[in-house]
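Remarks on the structure that follows.
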Amino acid sequence: MERGTLHKLTKYPNTYICRTDPRDVARVESRTVVCSVDRYATECHTKDGAASQLAHWISPENMDAAMQERFPGCMAGRMMYVIPFSMGPIGSPLSKIGVELTDSNYVVLCMRLMTRVSHDIWRVLGNNEFVRCLHSVGCPRPVNYRVVNHWSCNPEKVIIAHMPDDRMVVSYGSGYGGNSLLGKKCFALRIAGRIAYDEGWMAEHMLIMSVTNPKGVEKFFVAAFPSACGKTNLAMIQPTLPGYTVRCVGDDIAWMRFNKDGQLMAINPENGFFGVAPGTNHQTNPNAMAALQRDCILTNVAETADGGYFWEGLEDEVDKDIPITTWLGKPYKIGSKENYPSSHPNSRFTAPAKNCPIMHPKWEDPAGVPISGIIFGGRRPEGVPLVIEAEDWKHGVFLGAQVKSEATAAAEFKGKQIMHDPMAMRPFLGYNFGKYLQHWLDMEKPGRKMPKIFHVNWFRKDQNEKFLWPGFGENIRVLDWMMRRVDGEDIAEPTAVGLVPKEGSINTDGLNINWKELFSIPPDYWKSDIHETRRYLEEQVGDDIPPVLRSELDRVEARVDAMK
Ligand SMILES: Nc1nc2c(ncn2[C@@H]2O[C@H](COP(=O)(O)OP(=O)(O)O)[C@@H](O)[C@H]2O)c(=O)[nH]1
Ligand SMILES: C=C(OP(=O)(O)O)C(=O)O
Ligand SMILES: [Mn+2]
């Protein structure tokens with residue numbers, strides 16, 4: 001606060017606002033690299049040497065040069081912090097310890113919210129292995145240029161590098177959460193993904209939640225959606241159907257393994273939420289709003305004159321005439337075009353999990369929670385129905401590999417291009433994607449209860465660009481259908497692309513829904529889509545495509561080609 005990095009919001013206890021340099025607001029996928037001796041441990045054998053979109057390789061020599069160019073003296077004149085942290089409850093057999101060195105006080109504060117930071121870590125660690133995390137904003141003092149918003153960073157020199165063999169992460173030049181809170185995407189997905197591959201478990205970009213139906217039966221789901229596509233919201237929905245209860249275990253990352261009874265168990269390695277602020281309000285996500293009443297850090301949101309936070313979506317929850325200061329420090333009035341939007345589209349809240357009123361009593365259980373269903377999804381404005389169910393595990397892995405989504409503000413891509421994002425893991429892979437797919441396929445073993453796999457799309461639009469599905473709390477209706485499918489109810493019918501709900505089998509009472517439009521599977525759309533997916537997989541994964549996945553592709557493509 002003395003330096004001006006943080007600013008107290010007087011409306012809520014112990015809550016602060018932070019504005020970054022506007023050049024440092026999102027993950028930088030193009031500068032996110034994975035280092036390995038063998039190039040193909042990281043990248044696939046892409047066709048004709050096409051640039052890899054699924055993990056970017058850096059050689060040990062180039063890695064060394066990149067570090068030598070950046071790190072010596074990089075923290076000169078700054079405080080270096082040593083952060084011991086645990087991903088997962090301290091001391092639990094499934095947890096993993098990391099130590100992050102950083103020169104950013106923002107990172108220290110956010111790590112204390114997002115992970116378990118404690119002196120006990122040293123005792124539990126003893127002489128065992130830990131993940132080494134090194135972070136610097138890349139601005140040694142004296143700084144001979146103007147630091148914007150008291151937010152030191154070095155956008156030209158950003159690199160987020162991973163050394164899975166050495167269990168190490170090195171991040172330079174950015175303070176944005178996804179690039180700097182190294183326990184999260186870097187460790188818990190890219191490094192843990194590789195550890196999981198070696199040890200036979202899974203580290204996935206998934207929320208974890210439970211649904212209890214009016215009969216009192218509870219089932220747990222995990223769901224993988226690309227960044228800014230609805231994980232945090234689904235993880236804590238307020239169901240609109242009476243008699244249903246949802247509880248949250250995690251909103252971003254799941255570590256999963258089959259136990260000795262063949263049941264897939266999931267833990268949330270995190271301790272807080274780093275959520276997208278815009279769109280969050282008491283209608284869409286009352287449980288997130290409840291979590292934001294104290295002890296939070298808000299990054300790149302706007303501020304109201306009475307010391308509260310504001311972002312797009314809160315228009316109905318603050319005084320319409322109140323003066324607002326935007327994330328860029330400009331004056332703003334609700335409804336005005338001037339200085340709109342008030343908040344960066346990737347502005348974020350950092351909140352402790354314990355603030356969320358619907359955390360599951362077992363959310364810190366070291367044994368994890370038993371998973372019945374795996375859900376994939378993305379932003380698909382066209383062609384993709386509300387829900388598809390995979391025919392079996394293999395087909396489910398293919399459904400996951402097929403995931404595409406409109407680009408969002410969570411990374412540097414411009415516009416709304418539809419991008420491939422298999423398993424919502426494109427930016428978070430720490431090793432060869434062909435091996436990753438094979439690892440998924442290898443999960444299926446005799447004696448294991450394989451979860452059902454689904455694909456959802458909350459974002460299909462009509463001709464007027466309006467969402468066909470109301471989403472948010474109404475998504476309980478789709479979860480209810482999935483629960484009944486897990487119990488084997490006869491409410492699904494086959495199509496070329498997978499099982500879909502029989503007409504009327506999703507409870508849409510009280511909604512004004514165009515079922516035909518919401519569930520249609522347009523043959524022309526799917527024909528071109530699956531051919532494009534084949535081209536993508538052939539180009540990006542090439543000979544690393546597992547044979548079983550290739551035969552799934554052949555099988556589904558032949559069916560789609562035969563559609564009328
Ligand atoms: N239309 C619609 N928007 C949603 C839904 N769920 C989330 N969103 C919006 O999508 C954005 C990102 O959501 P979030 O849950 O933070 O995504 P995450 O980054 O995957 O955790 C927010 O602006 C939400 O308001 C939904 O069911 N329908
Ligand atoms: C932290 C991030 O997470 P999410 O998947 O919630 O967008 C991010 O992408 O920067
Ligand atoms: Mn999220």
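Reckoned from all heavy atoms, side chains included, excluding hydrogens, waters and symmetry mates. Just so you know, residue 1 is the first one in the sequence shown, and it goes up from there.
Closest heavy-atom contact between Cys153 and Asp24: CB-OD2, 3.7 Å. Closest approach of Trp201 to Met443, counting heavy atoms only: O-CE, 4.1 Å. Residue Asn154 comes nearest to Cys139 through the heavy atom pair N-SG, 4.5 Å, listed as atom of the first residue, atom of the second, then distance.
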Cys186 vs His162, side-chain contact (heavy atoms from CB on, under 4.5 Å): CA-CA, chis, key distance, verdict: CA-CA 7 Å; Cys186 298; His162 305 72; 3.5 Å; yes
Evaluation steps, salt bridge (charged side-chain N to carboxylate O under 4.0 Å, His left out), between Arg534 and Glu539: CA-CA 8 Å; Arg534 173 182 289 280; Glu539 182 201 277; over 6 Å; no
Worked check of salt bridge (charged side-chain N to carboxylate O under 4.0 Å, His left out) between Arg141 and Asp103: CA-CA 12 Å; Arg141 290 201 171 99; Asp103 54 7; over 6 Å; no
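Legend: salt bridge (charged side-chain N to carboxylate O under 4.0 Å, His left out) pairs involving residues 178-191, not counting sequence neighbours, sorted by first then second residue: Lys184-Asp252, Lys184-Glu270, Lys185-Asp252. Pairs engaging residues 151-163 under the salt bridge (charged side-chain N to carboxylate O under 4.0 Å, His left out) rule: Arg23-Glu156, Glu69-Lys157 [sequence neighbours left out].
Other residues, nucleotides and ligands contribute over 12 non-hydrogen atoms within 6.0 Å of the NZ atom of Lys96. Asp554 CG: more than 12 foreign heavy atoms inside a 6.0 Å radius.
Between Arg167 and Glu129, none of the side-chain N atoms (NZ, or NE/NH1/NH2) sits under 4.0 Å from a carboxylate O, so this pair counts as no salt bridge.
Residues meeting the ring-ring contact (aromatic ring centres under 6.0 Å, His included) test with His56, sequence neighbours left out: none. Take Ser171 and apply the side chain to side chain donor-acceptor pair (under 3.5 Å) test, not counting sequence neighbours, and it matches no residue. Checked against ring-ring contact (aromatic ring centres under 6.0 Å, His included), Phe349 has no partners two or more places apart in sequence or in another chain. Listed by chain and residue number, Val143, Ser152 satisfy the side chain to side chain contact (heavy atoms under 4.5 Å, CB included) test with Val147 (two or more places apart in sequence, or in another chain).
The ring of Trp363 has its center no closer than 6.0 angstrom to the ring center of Phe220. Ring pair Phe376/Phe398: centre-to-centre distance not below 6.0 Å.
The backbone N or O of Val28 sits less than 3.5 Å from a side-chain atom of Thr32, completing a donor-acceptor pair. Judged purely by atom type and a 3.5 angstrom limit, Asp251 has no side-chain atom pairing as donor or acceptor with the backbone of Lys231. His455 places no side-chain N or O within donor-acceptor distance of the main-chain N or O of Gln402, the cut-off being under 3.5 Å. The closest donor-acceptor contact from the side chain of Arg132 to the backbone of Phe130 lies under 3.5 Å.
Classification of the Tyr536-His420 ring pair by plane angle, with boundaries at 30° and 60°, yields parallel.
Between Leu441 and Pro546, some side-chain heavy-atom pair lies under the 4.5 Å cut-off. Counting heavy atoms from C-beta outward, Ile97 and Trp122 have side chains that stay 4.5 Å or more apart. For the pair Arg194 and Val34, the minimum side-chain heavy-atom distance is 4.5 Å or more.
Residues Gln438 and Asp442 have side chains that bring a donor and an acceptor to within less than 3.5 angstrom of each other.
Of the residues Trp440, Tyr436, Phe433, Tyr431, the one that meets the ring-ring contact (aromatic ring centres under 6.0 Å, His included) test with Tyr197 is Tyr431.
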